[in-house]
**Q** 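Before I ask anything, let me first share the structure, which is written out below as structure tokens.
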Amino acid sequence: MFFLRMIFRSFSRQFKRRLLIAVTVCLSATVSVAMLGVVFDVGDKLNAELSTYGSNITVQPKADAVVNDLYNTGGDANSNASGTSESDPTTFLKESDAPKIKTIFWAFNITNFAPELNIHADVNCASESVDSSSCKASGVPIVGTWFAKTLHMDSGESTVAGMNGMRSWWKLDGSWPKDDSAQGLIGTTLASKLGVTKGDTVTLYKTTADGSRNKQRITITGIYDSGDSDNNAMYIPSSTAQVLANLPDSIDKIEVKALTTPDNDLARKASKNPNALTQDEWETWYCTAYPSSIAYQIEEVIPGSVAKQVRQVAALQGDVLQKTQAVMVLMTVLSLVAAAIAVANLMAASIGERGSELALLKAIGATDGAVSRLMLAETAVISLVGAIVGALLGSGVAQIVGHVVFGSGITMRPMVFVLVFVLLTLTVLIASFSSIRSILGLKPAEVLHGR
């Protein structure tokens with residue numbers, strides 16, 4: 001009871017200094033909780049943010065992958081046959097196998113995917129508003145794909161996949177075509193060249209491998225601007241492209257957008273040769289959402305395929321994540337250092353003002369340990385109040401950061417609060433160490449006699 005009375009007397013006599021300690025700890029807790037809360041949740045946020053800029057895994061037939069590796073013709077992950085060559089693919093995957101991507105171990109990390117059949121065709125306009133004699137083009141890149149196809153899985157679940165979610169950065173004038181229809185999109189460059197607008201109809205002509213010449217009328221539902229060479233192409237439903245090219249159930253590429261964990265040494269080792277992993281390494285790698293492990297699992301379910309991560313996207317995700325986390329951890333450390341310095345100075349000043357009081361306690365029989373515990377208990381109570389208020393404020397700041405930067409809230413994990421309270425406890429103890437040493441050096445006789 002004696003020490004309790006002393007604590008309350010100290011609060012009343014030095015309220016302003018105690019309030020400064022509480023505010024200092026509160027600010028440090030606010031910054032620490034906010035920054036660490038974002039650090040622990042920023043991985044998924046950044047992956048989701050960066051995934052809006054295209055796929056990070058591509059799936060090809062094995063033969064095409066070998067040729068790409070030999071002659072370095074892989075190109076950009078989000079490009080298609082429109083980019084550089086007018087040759088059609090000669091090896092294919094089955095479109096009916098594409099939904100199997102959603103059956104792998106990391107199926108819920110696959111946010112979207114879209115199969116493609118990249119061919120070339122001649123285009124003639126078939127609209128009364130366009131001069132068909134001048135509206136012609138040969139070897140136009142045609143991409144047969146899904147736009148927003150609803151898939152019903154064997155598990156009973158349904159999912160929607162297609163370019164509607166894969167090309168979120170496109171500027172679209174019009175609407176997306178319907179799957180399994182005679183509709184399509186046209187790039188701005190090609191549309192300007194042909195002089196067509198949305199609502200017009202064009203006719204595609206394709207000479208197939210058996211020598212026959214097929215044709216297909218396509219109604220343009222929209223004109224897109226991709227910002228790259230894709231503007232020279234047309235996108236139509238995959239089923240329509242397969243009929244035009246006489247290639248039923250055939251695709252030559254699948255773009256996959258997945259939430260992944262940035263690569264580390266284990267992932268890089270596995271990407272070179274998964275068979276070189278030990279059993280423990282294999283289980284860790286296979287059960288972690290690395291781009292390489294997701295790609296490996298896709299290969300397991302798509303016969304005759306090779307799945308590869310897009311190195312540029314994967315490297316960007318890891319680099320941005322590491323730098324973002326480093327900045328936030330640095331801010332946390334700086335806030336703790338500032339709190340330690342402030343608390344140490346405030347405690348030193350407090351002990352200097354209360355020297356006679358502490359000396360009197362020692363003179364009437366209080367031990368150095370008892371006086372030290374008194375000061376520590378007082379500081380602990382003040383710091384605890386500041387830490388609790390700071391934790392609540394930090395949670396709010398983290399949500400503001402999440403909504404402003406990522407457009408969604410931050411998931412506050414319990415371990416964040418535990419870690420912050422542990423760090424603040426260590427910070428206050430370190431800051432109190434020099435002050436406790438000065439208490440041990442107090443000599444009651446000299447202090448009480450004003451020496």
**Q** Given side chains that start at C-beta, do those of Met415 and Leu419 come closer than 4.5 Å, heavy atoms only?
**A** no
**Q** Starting at NZ of Lys257, measure out to OG1 of Thr111 and round the result to the nearest 0.5 Å.
**A**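 Reported to 0.5 Å precision, the distance equals 5.5 Å.
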**Q** Any side-chain heavy atom of Ile142 within less than 4.5 Å of one from Leu204?
**A** yes
**Q** Is the shortest distance from a Lys or Arg side-chain nitrogen in Asp122 or Lys136 to a carboxylate oxygen in the other one below 4.0 Å?
**A**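 The answer is no: the pair does not qualify as a salt bridge.
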**Q** Cut-off 3.5 Å, side chains only: do Arg213 and Thr207 have a donor facing an acceptor?
**A** yes
**Q** Is it true that a side-chain atom of Asn112 and a backbone atom of Gly162 form a donor plus acceptor pair closer than 3.5 Å?
**A** yes
**Q** Check for a donor-acceptor pair, side chain of Lys100 on one end and backbone N or O of Pro303 on the other, with a separation under 3.5 Å.
**A**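 The answer is no, because no donor-acceptor pair under 3.5 Å joins these two groups.
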**Q** Testing the 3.5 Å rule here: is there a donor-acceptor pair between the side chains of Trp146 and Glu95?
**A**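 Checked: Trp146/Glu95 side chains pair up, N/O donor to acceptor below 3.5 Å.
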**Q** According to ring pair (Phe, Tyr, Trp, His ring centres under 6.0 Å), who are the partners of Tyr286, at least two apart in sequence or on a separate chain?
**A**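 Here the qualifying residues are Trp282.
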**Q** Quick one: does Gln183's side chain have a donor or acceptor within less than 3.5 Å of a partner on Lys178's backbone?
**A**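 Checked: pair present.
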**Q** Using a distance-only test with no angle check, is there a side-chain donor-acceptor pair under 3.5 angstrom linking Asp230 and Tyr224?
**A**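 Side-chain D/A pair, Asp230 to Tyr224: absent.
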**Q** Could you tell me whether the side chains of Asn264 and Tyr290 share a donor-acceptor contact shorter than 3.5 Å?
**A** yes
**Q** Is the shortest heavy-atom distance from the side chain of Tyr205 to the side chain of Val123 under 4.5 Å?
**A**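 No. Closest side-chain heavy atoms not under 4.5 Å.
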**Q** Can you tell which of Leu185, Val202, Leu194 makes a side chain to side chain contact (heavy atoms under 4.5 Å, CB included) with Ile220?
**A**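 Among the candidates, only Val202 passes.
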**Q** Heavy-atom distance under 4.5 Å between the side chains of Lys253 and Val59, does that happen here?
**A**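 Not touching, per the 4.5 Å side-chain cut-off.
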**Q** So does Thr332 get a backbone contact from the side chain of Ser335, meaning a donor-acceptor N/O pair under 3.5 Å?
**A**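 Present.
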**Q** Spell out, as yes or no, whether a donor-acceptor pair under 3.5 Å connects the side chain of Ser28 to the backbone of Thr24.
**A** no
**Q** Would you please say whether a donor-acceptor pair under 3.5 Å links the side chains of Asp228 and Ser226?
**A**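 Note: Asp228 and Ser226 side chains meet the donor-acceptor criterion.
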**Q** Is the closest basic N to carboxylate O distance between Lys102 and Glu157 below 4.0 Å?
**A** no
**Q** Output, in order, the C-alpha distance, side-chain angles, deciding distance and verdict of side chain to side chain contact (heavy atoms under 4.5 Å, CB included) for Met153 and Thr103.
**A** CA-CA 8 Å; Met153 314 304 294; Thr103 66; 4.1 Å; yes
**Q** Measuring only between side-chain heavy atoms, which start at C-beta, is Val420 closer than 4.5 Å to Leu36?
**A** yes
**Q** Taking all non-hydrogen atoms of both residues into account, name the closest pair between Ala340 and Thr427 and its distance.
**A**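 Closest pair (atom of Ala340, atom of Thr427, distance): CB-CG2, 3.5 Å.
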**Q** Can any side-chain N or O of Ser395 pair as donor or acceptor with the backbone N or O of Ala391 at less than 3.5 Å?
**A**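 Checked: pair present.
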**Q** Report, as yes or no, whether the 6.0 Å neighbourhood of atom CZ on Phe108 holds more than 12 heavy atoms from other residues, nucleotides or ligands.
**A**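 Open.
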**Q** Where do Phe147 and Thr221 land on the side chain to side chain contact (heavy atoms under 4.5 Å, CB included) test, with the steps shown first?
**A** CA-CA 12 Å; Phe147 295 102; Thr221 63; over 6 Å; no
**Q** Picking from Ser239, Ser238, Ser96, what satisfies side chain to side chain donor-acceptor pair (under 3.5 Å) with Asp249?
**A**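 That would be Ser96; it is the only one of Ser239, Ser238, Ser96 passing the side chain to side chain donor-acceptor pair (under 3.5 Å) with Asp249.
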**Q** Less than 4.0 Å between a side-chain N and a carboxylate O, is that true for Glu255 and Arg167?
**A** yes
**Q** Does any N or O in the side chain of Thr240 come within less than 3.5 Å of the main-chain N or O of Ile236, such that one atom is a donor and the other an acceptor?
**A**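 Between the backbone of Ile236 and the side chain of Thr240 there is no qualifying donor-acceptor contact (under 3.5 Å).
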**Q** Applying salt bridge (Lys or Arg N to Asp or Glu O under 4.0 Å), which residue pairs with at least one partner in residues 202-212 are found, sequence neighbours left out?
**A** Asp88-Lys206
**Q** Mind running side chain to side chain contact (heavy atoms under 4.5 Å, CB included) on Asp173 and Lys198 for me, showing each step along the way?
**A** CA-CA 8 Å; Asp173 179 17; Lys198 60 182 179 179; 3.0 Å; yes
**Q** Mark yes or no for whether Asp252, through its side chain, and Asn118, through its backbone, hold a donor-acceptor pair below 3.5 Å.
**A** yes
**Q** Sub-3.5 Å donor-acceptor pair from the side chain of Asn109 to the main-chain atoms of Leu259, do we have one?
**A** yes
**Q** Could you check if a side-chain atom of Ser212 sits within less than 4.5 angstrom of a side-chain atom of Asn214, using non-hydrogen atoms only?
**A** yes
**Q** Applying the side chain to side chain contact (heavy atoms under 4.5 Å, CB included) test to Leu336, which of Leu426, Ile341, Leu424 qualifies?
**A** Leu424
**Q** Flag the pair Val25 / Ile382 as yes when at least one side-chain heavy-atom distance between them is below 4.5 Å, and no otherwise.
**A**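 A side-chain contact is absent here, since even the closest heavy-atom pair is not under 4.5 Å.
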**Q** Could you tell me whether the side chain of Gln297 and the main chain of Ile104 form a donor-acceptor pair under 3.5 Å?
**A** no
**Q** Side chains of Thr197 and Asp200: any donor to acceptor distance under 3.5 Å?
**A** yes
**Q** Start with the C-alpha gap between Val140 and His120, add the side-chain angles, then the distance that decides, and say whether side chain to side chain contact (heavy atoms under 4.5 Å, CB included) holds.
**A** CA-CA 5 Å; Val140 173; His120 292 80; over 6 Å; no
**Q** How about Trp285 and Ser292: does a side-chain donor come under 3.5 Å of a side-chain acceptor?
**A** yes
**Q** Heavy atoms, side chains only, cut-off 4.5 Å: are Ile254 and Ile251 in contact?
**A** yes
**Q** Is it the case that atom NZ in Lys269 sees more than 12 heavy atoms from other parts of the structure closer than 6.0 Å?
**A**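 Counting neighbours around NZ of Lys269, more than 12 heavy atoms of other residues, nucleotides or ligands fall under 6.0 Å, so yes.
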